[in-house]
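For reference, the structure discussed in these notes is given below.
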Protein chains: 2
Amino acid sequence: MNQSKNTKEHILDVSLKLFSEKTYYGASIRDIAKAIDKRESSIYNHFKSKEEIFEQLILKFSSRNFGPLILTDQLINIISKPEKFFILLSENLIHFWNSEEERMFIKILLAKNSNGESKKYYSIENYLNDFKALSEFIFREMISHKFIKKMDVVVLSQEFISPLFLAAIELILGLKSETIQKSLIKNHVEFFWNSVKK
Amino acid sequence: MNQSKNTKEHILDVSLKLFSEKTYYGASIRDIAKAIDKRESSIYNHFKSKEEIFEQLILKFSSRNFGPLILTDQLINIISKPEKFFILLSENLIHFWNSEEERMFIKILLAKNSNGESKKYYSIENYLNDFKALSEFIFREMISHKFIKKMDVVVLSQEFISPLFLAAIELILGLKSETIQKSLIKNHVEFFWNSVKK
DNA sequence: GTCTATAGAGAGATAGAC
DNA sequence: GTCTATCTCTCTATAGAC
């Protein structure tokens with residue numbers, strides 16, 4: 001959305017918005033050209049096809065490293081207080097998923113089938129796995145420091161992340177208000193903590 | 001897909017498939033006409049627009065009563081054995097969500113924004129609420145019969161349903177194999193049961 | 001790198017015959 | 001209720017001037 005960016009970046013920015021609003025098929029090259037205030041033909045100077053815009057958009061987002069945005073210093077400092085830690089971790093995750101840009105990317109992943117033509121695309125499953133990997137790392141640390149019970153970190157990750165991410169999806173696709181999230185986090189962490197505390 | 005059905009039903013059947021594969025924008029009236037082996041103009045004898053086909057499709061699915069398909073007699077018979085009950089309940093849910101027709105409907109809901117133009121449409125949030133309502137009813141019964149701990153049924157439903165439904169989404173949109181579900185159910189119910197048993 | 005102009009296909013929808 | 005024929009608009013993409 002930044003006018004000073006180069007045209008290629010600008011195209012990717014508006015495509016993210018348009019693809020997330022109207023899906024890949026519903027957003028046209030014409031819409032994209034209008035949004036960057038250029039002609040359709042100019043688009044083809046930067047991308048060889050609409051498909052390529054989509055591919056590069058997915059690539060750009062799937063190759064980020066969001067770890068430091070979730071695993072903040074503030075969070076790491078309280079790892080010895082697991083209940084507080086889980087609250088803050090949940091807040092960091094929800095905050096990340098609720099950001100304008102991330103909501104748009106998640107919408108695109110949800111509207112996209114991995115069906116057909118091999119596994120060339122990044123799917124919502126890959127996306128979730130990135131977060132599960134992060135949380136498995138956390139749980140491994142917590143177990144080795146005996147802050148929580150010894151349990152399967154894959155199961156822990158799934159149980160911890162699923163209610164949070166599903167709530168994020170509902171918020172992104174639906175009309176659910178953001179204030180609901182606060183009590184959801186509180187209830188979820190309370191339930192989870194009761195199951196994992198020593 | 002049944003040739004003996006009337007044309008209107010036939011249109012709704014193929015539209016479910018096409019909308020789920022290519023989204024609302026990507027599936028054309030022409031595609032639909034081809035799929036029912038009629039001309040485009042014939043479609044307009046049954047629906048006034050493409051938009052109306054979509055609306056009636058959502059309406060048809062959102063006004064079903066799937067309760068008896070989940071809450072089977074076999075399931076109700078073992079309500080006094082909660083752990084077994086939760087396993088079978090999970091299997092019933094996953095089986096329902098994995099059926100051909102349901103996968104297509106869920107895909108359509110996931111590709112659809114509730115954004116803009118009021119709340120006229122049924123969203124994934126409404127869909128999930130239908131299942132949560134069912135499971136809240138179950139937990140209320142279990143608590144009143146003292147089969148499980150006294151806890152907030154809204155929290156219990158969320159914690160019980162979320163990992164299962166999110167796994168269903170991953171299966172529907174991704175490449176995850178169906179066999180993974182069995183161990184997921186086992187792990188999830190074990191985790192859940194440990195938190196709710198008296 | 002952006003423009004004008006245009007090709008060629010496909011979109012949603014309607015009129016009117018049968 | 002289905003057909004043929006057609007309207008009008010939009011789509012992706014390319015050629016060639018500046």
Side-chain angles (χ1 to χ4, degrees), chain A residues 1-60 107-108 111-113 115-117 120-121, chain B residues 1-60 107-108 111-113 115-117 120-121:
Chain A
M1 329 295 180
N2 188 339
Q3 289 295 97
S4 67
K5 272 181 186 162
N6 65 44
T7 303
K8 186 163 183 171
E9 281 298 315
H10 200 181
I11 291 169
L12 288 174
D13 280 348
V14 305
S15 297
L16 173 68
K17 179 168 183 289
L18 292 168
F19 287 151
S20 77
E21 283 170 359
K22 306 214 289 171
T23 80
Y24 175 77
Y25 300 99
S28 67
I29 292 284
R30 225 157 264 194
D31 293 333
I32 295 168
K34 212 170 286 169
I36 63 163
D37 201 29
K38 297 232 157 69
R39 303 294 153 184
E40 290 101 279
S41 53
S42 297
I43 308 274
Y44 294 93
N45 232 298
H46 305 278
F47 300 92
K48 74 172 208 290
S49 65
K50 181 179 167 182
E51 181 73 20
E52 202 194 50
I53 299 176
F54 189 82
E55 280 171 17
Q56 293 205 25
L57 197 54
I58 300 288
L59 186 65
K60 176 183 165 185
K107 261 190 201 173
I108 288 176
K112 188 175 75 57
N113 296 333
N115 74 7
E117 47 228 70
K120 77 176 172 192
Y121 277 143
Chain B
M1 328 294 181
N2 187 339
Q3 290 294 99
S4 67
K5 271 180 186 164
N6 66 44
T7 303
K8 186 162 184 172
E9 281 299 315
H10 200 179
I11 291 170
L12 289 174
D13 280 348
V14 304
S15 297
L16 173 68
K17 180 166 183 289
L18 292 168
F19 286 150
S20 79
E21 282 169 0
K22 306 213 289 172
T23 79
Y24 175 76
Y25 300 98
S28 68
I29 291 285
R30 231 156 258 197
D31 292 334
I32 295 168
K34 212 170 286 168
I36 62 163
D37 201 31
K38 297 232 156 71
R39 303 295 153 183
E40 298 100 89
S41 53
S42 297
I43 309 274
Y44 294 93
N45 233 298
H46 304 278
F47 300 92
K48 74 173 208 289
S49 66
K50 181 180 168 183
E51 181 72 20
E52 202 194 51
I53 298 176
F54 189 80
E55 280 171 18
Q56 292 205 24
L57 197 54
I58 300 288
L59 185 66
K60 176 183 164 184
K107 261 190 200 173
I108 288 176
K112 188 174 76 56
N113 296 332
N115 74 7
E117 48 228 70
K120 77 176 174 193
Y121 277 142

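To find a chain, count down the sequence lines: A is the first, B the second, and so on, and within it residues start at 1.
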statement: Sorted by chain and number, sequence neighbours left out, side chain to side chain contact (heavy atoms under 4.5 Å, CB included) with A:Ser28 holds for A:Arg30, A:Asp31
query: Is the closest basic N to carboxylate O distance between A:Lys48 and A:Glu55 below 4.0 Å?
result: no
- request: Would you please name every residue forming a side chain to side chain contact (heavy atoms under 4.5 Å, CB included) with B:Lys34, sequence neighbours left out?
  value: none
Length of the CD1-C1' vector between B:Ile32 and C:dA13, whole Å: 13 Å
- request: Go through the structure and list residues passing salt bridge (Lys or Arg N to Asp or Glu O under 4.0 Å) with A:Lys8, not counting sequence neighbours.
  value: none
query: Rounded to whole angstroms, how far apart are NZ on A:Lys22 and P on D:dT10?
result: 11 Å
- line: Atom CD1 of B:Ile11 and atom P of C:dG12 are separated, to the nearest Å, by 14 Å
statement: From CZ of A:Phe54 across to C1' of D:dT12 the rounded distance in Å is 17 Å
query: Could you state the NZ-C1' distance from B:Lys8 to D:dG1, rounded to the nearest angstrom?
result: 14 Å
All N/O pairs under 3.5 Å across the protein-nucleotides 3-7 of chain C interface:
| from | atom 1 | to | atom 2 | distance (Å) |
| --- | --- | --- | --- | --- |
| C:dC3 | OP2 | A:Arg39 | N | 2.8 |
| C:dC3 | OP2 | A:Ser42 | OG | 3.0 |
| C:dC3 | N4 | A:Ser41 | OG | 3.1 |
| C:dT4 | OP2 | A:Arg39 | NE | 3.1 |
| C:dT4 | O4 | A:Ser41 | OG | 2.9 |

Residue whose nearest DNA chain D nucleotide is more 5′ - A:Gly26 or A:Lys48: A:Gly26
statement: Sorted by chain and number, sequence neighbours left out, side chain to side chain contact (heavy atoms under 4.5 Å, CB included) with B:Ser49 holds for B:Glu51, B:Glu52
message: Does D:dC11 have its OP1 or OP2 closer than 4.0 Å to a side-chain nitrogen or oxygen of A:Ser28?
response: yes
message: Which residues pass the side chain to side chain contact (heavy atoms under 4.5 Å, CB included) test with B:Lys112, not counting sequence neighbours?
response: B:Phe54, B:Ile58, B:Leu109, B:Ser114, B:Tyr121
- request: Send over the distance from A:Asp31 CG to D:dT10 P, rounded to a whole Å.
  value: 11 Å
- request: Grab the CD1-P distance between B:Ile43 and C:dA11 for me, whole Å please.
  value: 13 Å
message: What is the distance, to the nearest angstrom, from the OH atom on B:Tyr44 to the C1' atom on C:dA13?
response: 5 Å
